[in-house]
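Just below is one structure, and these are the notes that go with it.
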Amino acid sequence: QVQLVESGGGLVQAGGSLRLSCAASGRTFSNMAMGWFRQAPGKEREFVATIGGYIRYADSVKGRVTISRDNAKNTVFLQMNSLKPEDTAVYYCAASQGPGIRATTYDYWGQGTQVTVSS
């Protein structure tokens, strides 16, 4: 049993920054790989970043996004800089036994937090 709650989304102008947070409970956080995904209107859910065993980023966000975690606080973060309108999406936090880029790898999901980037 893992519960995930995202926060930190909002409305930002292009070029701005946001830091998303995901608070986990219900299982030993340090043993879980964590991932961030996003889903824009009319599009499929898309991999963004993962941490746990290794760190990997989607090409679309590499250089602009940093994933990190604080195991003492059971929290994973997604720092996003130089945001673009195409980054607009609902961002989801997810947890699994190991890292991966496929949504099917992840067993637990948060409710999502909206990120809107205006031009």
Side-chain angles (χ1 to χ4, degrees):
Q1 293 293 135
V2 175
Q3 294 79 46
L4 305 173
V5 179
E6 303 98 332
S7 62
L11 175 64
V12 64
Q13 292 185 330
S17 298
L18 286 172
R19 189 177 80 156
L20 307 183
S21 298
C22 174
S25 63
R27 186 180 291 188
T28 302
F29 179 75
S30 62
N31 290 337
M32 303 293 290
M34 305 298 297
W36 286 96
F37 291 76
R38 67 187 184 186
Q39 188 164 21
K43 295 186 177 181
E44 299 296 318
R45 190 163 297 188
E46 176 188 31
F47 167 77
V48 176
T50 188
I51 183 170
Y54 61 83
I55 293 176
R56 186 173 180 179
Y57 300 98
D59 289 340
S60 59
V61 301
K62 191 174 297 182
R64 302 186 296 118
V65 167
T66 301
I67 187 170
S68 62
R69 66 195 297 166
D70 185 339
N71 288 338
K73 297 181 179 179
N74 288 357
T75 303
V76 64
F77 305 95
L78 188 72
Q79 177 68 47
M80 303 189 293
N81 303 317
S82 302
L83 285 164
K84 306 174 181 179
E86 52 262 44
D87 294 319
T88 296
V90 177
Y91 283 70
Y92 296 92
C93 175
S96 74
Q97 295 297 317
I101 64 172
R102 298 179 180 179
T104 53
T105 299
Y106 295 85
D107 302 311
Y108 306 98
W109 294 83
Q111 83 290 342
T113 185
Q114 177 71 48
V115 172
T116 302
V117 184
S118 65
S119 60

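Val48 and Ile101 fall into different hydrophobic clusters, where Ile, Leu, Val, Met, Phe, Trp and Tyr side chains are chained together by heavy-atom contacts under 4.5 Å. If you chain together hydrophobic residues whose side chains sit under 4.5 Å apart, Tyr92 and Met32 never meet in one group. Ile55 is connected to Val76 through a chain of hydrophobic side-chain contacts under 4.5 Å among Ile, Leu, Val, Met, Phe, Trp and Tyr, so both are in one cluster. Under the 4.5 Å side-chain heavy-atom criterion for grouping Ile, Leu, Val, Met, Phe, Trp and Tyr, Val90 is connected to Phe47 within one hydrophobic cluster. Hydrophobic clustering, with ILVMFWY side chains joined whenever heavy atoms are under 4.5 angstrom apart, keeps Leu83 apart from Phe77.
The two residues Ile67 and Met34 make their nearest non-hydrogen contact at CD1-O, 4.2 Å. For the pair Thr75 and Ala23, the tightest heavy-atom approach, listed with the atom from each and the gap, is OG1-CA, 4.3 Å. For the residue pair Ala24 and Leu4, the shortest heavy atom distance occurs at CB-CD2, 3.6 Å. Counting all heavy atoms, side chain and backbone alike, Arg69 lies closest to Ala33 at NH1-CA, 4.3 Å. Leu78 and Tyr91 get closest at one heavy-atom pair: CD2-CD2, 4.1 Å. The nearest pair of heavy atoms linking Arg64 to Ser82 is NH1-O, 3.1 Å.
Under the 4.0 Å criterion applied to side-chain N and carboxylate O atoms, Asp59 and Lys62 are assigned as salt-bridge partners.
The closest side-chain donor-acceptor pair between Asp107 and Ser96, if any, does not fall under 3.5 angstrom.
For the pair Glu6 (side chain) and Cys93 (backbone), a donor-acceptor distance under 3.5 Å is present.
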Exercise for review: Test Glu86 against Ser60 for side-chain contact (heavy atoms from CB on, under 4.5 Å), laying out the working first.
Suggested key: CA-CA 10 Å; Glu86 52 262 44; Ser60 59; over 6 Å; no
Exercise for review: Start with the C-alpha gap between Lys73 and Ser21, add the side-chain angles, then the distance that decides, and say whether side-chain contact (heavy atoms from CB on, under 4.5 Å) holds.
Suggested key: CA-CA 11 Å; Lys73 297 181 179 179; Ser21 298; over 6 Å; no
Check your understanding: Which is it for Thr50 and Thr105 under the side-chain contact (heavy atoms from CB on, under 4.5 Å) test, yes or no, and what are the steps along the way?
Key -> CA-CA 11 Å; Thr50 188; Thr105 299; over 6 Å; no
Exercise for review: Verify side-chain contact (heavy atoms from CB on, under 4.5 Å) between Met80 and Trp36, making sure each step is shown before the conclusion.
Suggested key: CA-CA 12 Å; Met80 303 189 293; Trp36 286 96; over 6 Å; no
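At most 12 heavy atoms of other shown residues, nucleotides or ligands fall within 6.0 angstrom of atom CD in Gln13. Within a 6.0 Å radius of CZ in Arg56, other residues, nucleotides and ligands contribute 12 heavy atoms or fewer.
Separating the CG atom in Leu11 from the CD atom in Gln114 is a distance of 9.5 Å, to the nearest 0.5 Å. In this structure, the separation between CG on Asn74 and SG on Cys22 is 10.0 Å, given to the nearest 0.5 Å.
Side-chain contact between Arg38 and Val61 is present, with at least one heavy-atom pair separated by less than 4.5 Å.
Proximity of the aromatic rings of Phe37 and Tyr106 is defined here by a centroid distance below 6.0 angstrom, and this criterion is met.
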